[in-house]
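Worksheet: one structure, shown below.
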Protein chains: 2
Amino acid sequence: MTQTSDTTSYKDIKQTVLHRIRSGELQPDTLLPNEQKLAVEFSCTRTTVNRALRELADEGFLERRRKAGTRVLSAPQRQARFTIPLVRDEVEALGGTYRYALVSHETQNAPDWLAARLSLRPDQSVMHVRCMHFSGNTPFQFEDRWIVIDSVPQVEQADFSSIGPNDWLVQTVPFTNVELTFLASRADASLAGFLDVTEGEPVFTAERITWLQGQPVTFAKMYFAAGYRMTTEF
Amino acid sequence: MTQTSDTTSYKDIKQTVLHRIRSGELQPDTLLPNEQKLAVEFSCTRTTVNRALRELADEGFLERRRKAGTRVLSAPQRQARFTIPLVRDEVEALGGTYRYALVSHETQNAPDWLAARLSLRPDQSVMHVRCMHFSGNTPFQFEDRWIVIDSVPQVEQADFSSIGPNDWLVQTVPFTNVELTFLASRADASLAGFLDVTEGEPVFTAERITWLQGQPVTFAKMYFAAGYRMTTEF
DNA sequence: AATTCCATTTTGTGTAGACTTTATCTTTTT
DNA sequence: AAAAAGATAAAGTCTACACAAAATGGAATT
C-alpha cells in the first residue's frame, strides 16, 4: 500500500491493524491472532508481523505478553511526546529574533531547599545564574538556574555573559537524565518586571532537574511570558 | 551483560553505545562506524546492530541517514514522554478517593470561537458539559467540554450524571488523534468557586482537541486545582 | 562555473529459520 | 481445595542473507 513494491511491509500491517482498531473491528480487550497466523494472513514472515505489533505496543495501542498473546488496550495509554526545544530554536521557530541577556550570577552555598531537592550536602556550593531570553525586544522567558559545581567544575570558567547556561550545559554535559515539571505560578514583583506583566499574573512555568549518571547537575526554573502555550500532537 | 547468554544482544549494544556517548568517547557530531563494522566489533549480525542503533535514533540520541551514516546528535532531541492519565487514575495514584460530579450539560449551536477552532460549520450543534473531579472532598479538576454531536451521535443518549464525559468518550471512541496544550490561566470568579481558590489565582490548564479520522470530536479545557504539577522523567 | 548524471555506500527492510524466555494452563500431588 | 510441578504456546531475539532505497560525492556534460 505504502510503497510501489508487492511485498507487505511492517508499515502496511501497522496501518491495517490500527485501522481495524479504530473502526471497531478489533474491540478493546480483544485478543489478536498470534504472529504466526497474522503472518499467513498478510503473507509475510513472522519477523515482519513482530515488528509491526511491537511498534504498535510501544506506541501504546496494544499489550503483548508471552504465551498470553497480543490484546487491544481498552484504555489506550496514549503518550504525548514533547520535544523539548532549546529556547533559541523555539523563538526562531515562532519567527522571532533570539536575544539573550545575563541578569546575575554568583557562587554560593546551596540553599536548604535546593540541597534537599537535589540531595546535596549542605556545604556544597552552587552557581546561581539568572538570565532572560527575548524574542526581538519582547521578553520570552526568565530563567533561574542553579548549577552544582562539584558535578560540573568547568562551570567556574564559563562565561555566561555571551552564552546561556542551558546552551552551555547542553554542550558540556549533553546526555543526561531529566525530571521535567510543568506548573502555573504567580508573578511576584521581580518576575513581573522581567516578563513585563502585571504582578500576580499567572505564569506558565517549567522546572527541570538534570542528572548525569546519578549526580545532580542543575536545577532550573523557567518562567514563560504571558500567553505562552506548550503544545503537542499525538 | 544483561542476560546470562553468551551472545551480544541489541540491548547490550544500546547500552555500550550510550555509555560511549555519555562518557565523551563518542563526541557530538561524530560519525559512528557503519553497521557492518560494528557488527564485527560486537561479533553479531548487522541486523542486531541495526536494531540497537535504530532504537537509539528513535530515542533521540543519534541521527541516521542512508549513505551518510550514523552520527551523535549535538543538541540531543530529548523527548519527554508524558503518559496522560485518566483523572480517576491520577487521583487514586495520589492516594485520594475519586469522586465525579456533573455541573451542567446542554445542547447548543457551536459558538463561533469553537467552530473556528474545530473547523465546524456554524450550524453544527455541540453538547456542552461542565463537571468536577474531586479527590475526596477536595476539588481536583474542573472540566469544561464540548462534544461534536455529528461526530458522536450516541452522545445524546449518554448519561453524564454518573460517568464523566472523558471516561465515556474513551469507551466510545477510544483511538483518536489528539492535540494537547498546557498553559497557565487566571481563575475567574466562577472557576475560583469551583476550585476553591481566590479569584485571580494562577490555574494550571490543559486543552485537548480530539479528532477521529479527521473529524473533530471534542474540545476540552481542564483546570487543575492549586498546586498541581505535571511531572515526567526521561 | 554550474548543472546533470551516475556509481557507490550506507541504512532500511524483507525472508527463512532457529533457539530462548516467560507466562499460562493443565495435571499431579499434597 | 490448595499448592506444586510440568507441558506448551506465544512472544522475544538472534543468525544469515538478500535486495531496496536514498543520498552523497565525484565524473561527465553543458
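Every heavy atom of this structure was used, including side-chain atoms; hydrogens, water molecules and symmetry mates were not. Every chain is numbered from 1 and lettered A, B, ... according to where its sequence line falls, protein lines coming before strand lines.
Sorted pairs that involve residues 151-160 of chain B and meet salt bridge (charged side-chain N to carboxylate O under 4.0 Å, His left out), not counting sequence neighbours, are lacking altogether. Within the structure, side chain to side chain donor-acceptor pair (under 3.5 Å) pairs that include any residue of residues 26-37 of chain B comprise B/E35-B/R46, B/E35-B/N50, B/E35-B/R64 (at least two apart or interchain).
Qualifying ring pair (Phe, Tyr, Trp, His ring centres under 6.0 Å) partners for A/Y100, counting only residues two or more places apart in sequence or in other chains: A/H133. When the ring pair (Phe, Tyr, Trp, His ring centres under 6.0 Å) test is applied to B/F142, the partners found at least two apart in sequence or on another chain are B/F194.
Spacing between atom CD1 of A/I13 and atom P of C/dT13 amounts to 13 Å, rounded to whole angstrom units. B/L31 has its CG atom 16 Å from the P atom of D/dA23, to the nearest Å.
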Show which side-chain atoms of residues 216-234 of chain B pair as donor or acceptor with protein atoms under 3.5 Å away, not counting sequence neighbours.
from	atom 1	to	atom 2	distance (Å)
B/T218	OG1	B/R145	NH1	3.2
B/T218	OG1	B/W146	O	2.8
B/K221	NZ	B/E207	OE2	2.9
B/Y228	OH	B/E90	OE2	2.3
B/R229	NH2	A/E207	OE1	2.5
B/T231	OG1	A/T181	OG1	2.9
B/T232	OG1	B/R81	O	3.1

>> I'd like to compare against my own output: the B/S/- annotation of nucleotides 11-16 of chain D with a strict under-4.0 Å heavy-atom distance to protein.
In response: BBBSBB
